[in-house]
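Note that the numbering runs from 1 along the sequence shown for the chain.
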Amino acid sequence: MTSYNNNAIDFHHSVFIESDFFNAFELSNDESEGDDLFSGNKNNKLFKALMSDLNEYLFRKQKDFIRGNAAEELVQRFETKGVFPKFANNKYDLERKKDLINVVKELYCVQPKVFKGLGKEQEKTFLGFLNLLLDTDERENILEIVEGIVQLTKEERSELVSVLRKSSFSKILATIKLIENRAKVVALLKTLVFELKKFTTERNHIQKAIEESYWLFGEQYHLASADQNFQQLLGEYLHIIDDVKEPQKLKSYDWKKRPDIFMCRKRNIPDTHDSEYELEENIMVELKRPTVIIGKEQFRQIDDYLDFIMKEEQFNSQTRRWKFYVISNKVDDYIDKQYEAFKDKGKRFLVHQAGKYEIYAMTWDDLFRTFEIKHSYLLEKLEFDKNAIKEELQLKGVKLDVASSNGVTKQIIDISEN
């Protein structure tokens, strides 16, 4: 049984079988046969069946052994060494990372030798290729890559095919669940800002709900801060973007202002010199309670944020782009005129632009419609029942009062955390 005593893992074992069946066997004295004392009996059909069953038994035992601790230790080692691909801190990317980790664990269970003897850069490259394939329809090609590294038995090959198909199916289910939950969140937000608008406040309801649902503005962003002053905001921002951990100091007298939501991301952009530079994209959102109509006063508040950013040196690289949003249920004539003034820019909801700075005014209906249009195909296939949320709220005795706004907000937070 020496084929399972490989040094890729510490699966050391011995198998003893006692039976009268072996009494008629002749022991081999041929040194060329090595340690196999039964080499002269290999053509015995019963012996061959026994060996096949024992190999399958040991294969299962090895997998159980690896699943117990070894696979988890391998993943922890990869995490510590920093060889996993980078994933954003949003639910979609966390599902992608979970998918990759599951495949790595199962691959290690099927054939540990795949990860034997790799240097850090080789591990990083191999995991990067795995991740790229898992994001495409070519995920089963992983099998060919593995067979190019080690030779798989028929059982190992079958197991790996099963793992890849199973992983693919679980990823589909996770994505469907994610879309379903987001559709529920949008339905609850509609209840909050339309039906319960008289009782819904910015600080106690909308702020908390959107803090958990910032994906409405884009999957790719990191939530840097929520309802924090510019002093705290700068510290969180520079920590995410530039990995600066020291406390930051602002000189402007306006540093105590508190934007509701601040998000950011970094990505590589090709330039005209056949190289790349890192572009940072930032979004600042001002949320208004549903009864507030967006007009000149609200526009000037978000414009003040823009002025603050423009004056602050630590925010002002040419490779940083800034978008500012103000959101409520309605806009007035002033905002309509701003839409008209900037319509030639070809950007919906734009009300002001100055270089790398843009201000947008949106209604809640605009935001919800953007989500629904983007996901219309999937939502239709899921046949999501929009009335189900209202019926659920009615069954729970939800009425038009402040307590209801509190309850709906809690439901949004609970769904977003699951």
Pair F217, I261 - check side-chain contact (heavy atoms from CB on, under 4.5 Å), show working.
CA-CA 11 Å; F217 299 92; I261 300 289; 5.7 Å; no
E286 and Y325: side-chain hydrogen bond (donor to acceptor under 3.5 Å, both in side chains), yes or no, with the steps?
CA-CA 6 Å; E286 184 65 22; Y325 288 84; over 6 Å; no
Report the C-alpha distance between L107 and F115 in whole Å, list the side-chain angles of each, state the deciding distance to 0.1 Å, and finish with yes or no for side-chain contact (heavy atoms from CB on, under 4.5 Å).
CA-CA 9 Å; L107 183 55; F115 299 97; 4.0 Å; yes
Could you please spell out the steps behind the side-chain hydrogen bond (donor to acceptor under 3.5 Å, both in side chains) verdict for T409 and N406?
CA-CA 5 Å; T409 303; N406 294 338; 5.7 Å; no
D304 vs R300, salt bridge (Lys or Arg N to Asp or Glu O under 4.0 Å): CA-CA, chis, key distance, verdict
CA-CA 6 Å; D304 285 344; R300 284 179 175 172; over 6 Å; no
Stepwise, does the salt bridge (Lys or Arg N to Asp or Glu O under 4.0 Å) test hold for R203 with E211?
CA-CA 11 Å; R203 182 64 57 85; E211 183 178 340; over 6 Å; no
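Taking CG of D99 as the start and CG of L130 as the end, the distance is 10.5 Å to the nearest 0.5 Å. Atom NZ of K184 is separated from atom CG of L189 by 14.5 Å, given to the nearest 0.5 angstrom. A distance of 13.0 Å separates CD1 in I101 from CD in E106, rounded to the nearest 0.5 Å. Here the CD1-OG distance, from I206 to S405, works out to 9.0 Å after rounding to the nearest 0.5 Å. Taking OG1 from T201 and NZ from K288, the interatomic distance works out to 12.5 Å, rounded to the nearest 0.5 Å. How far CD1 of I359 is from CD1 of I335: 9.0 Å, rounded to the nearest 0.5 Å.
Between K410 and D414 there is a salt bridge, with a side-chain nitrogen of the basic residue lying less than 4.0 Å from a carboxylate oxygen of the acidic one.
Remark: E79 CD is packed, more than 12 non-hydrogen atoms of other residues, nucleotides or ligands lying under 6.0 Å away.
Using cut-offs of 30° and 60° on the angle between ring planes, the pair W322 and F262 is parallel.
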Less than 3.5 Å apart, which donor and acceptor atoms pair up between the side chains of residues 346-358 and the rest of the protein, not counting sequence neighbours?
from : atom 1 : to   : atom 2 : distance (Å)
K347 : NZ     : E358 : OE2    : 2.4
Q353 : NE2    : E358 : OE2    : 3.0
K356 : NZ     : N316 : O      : 3.1
K356 : NZ     : N316 : OD1    : 3.4
K356 : NZ     : S317 : O      : 2.6
Y357 : OH     : N316 : OD1    : 2.5
E358 : OE1    : Y360 : OH     : 2.6

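The backbone N or O of G295 sits less than 3.5 Å from a side-chain atom of Q298, completing a donor-acceptor pair.
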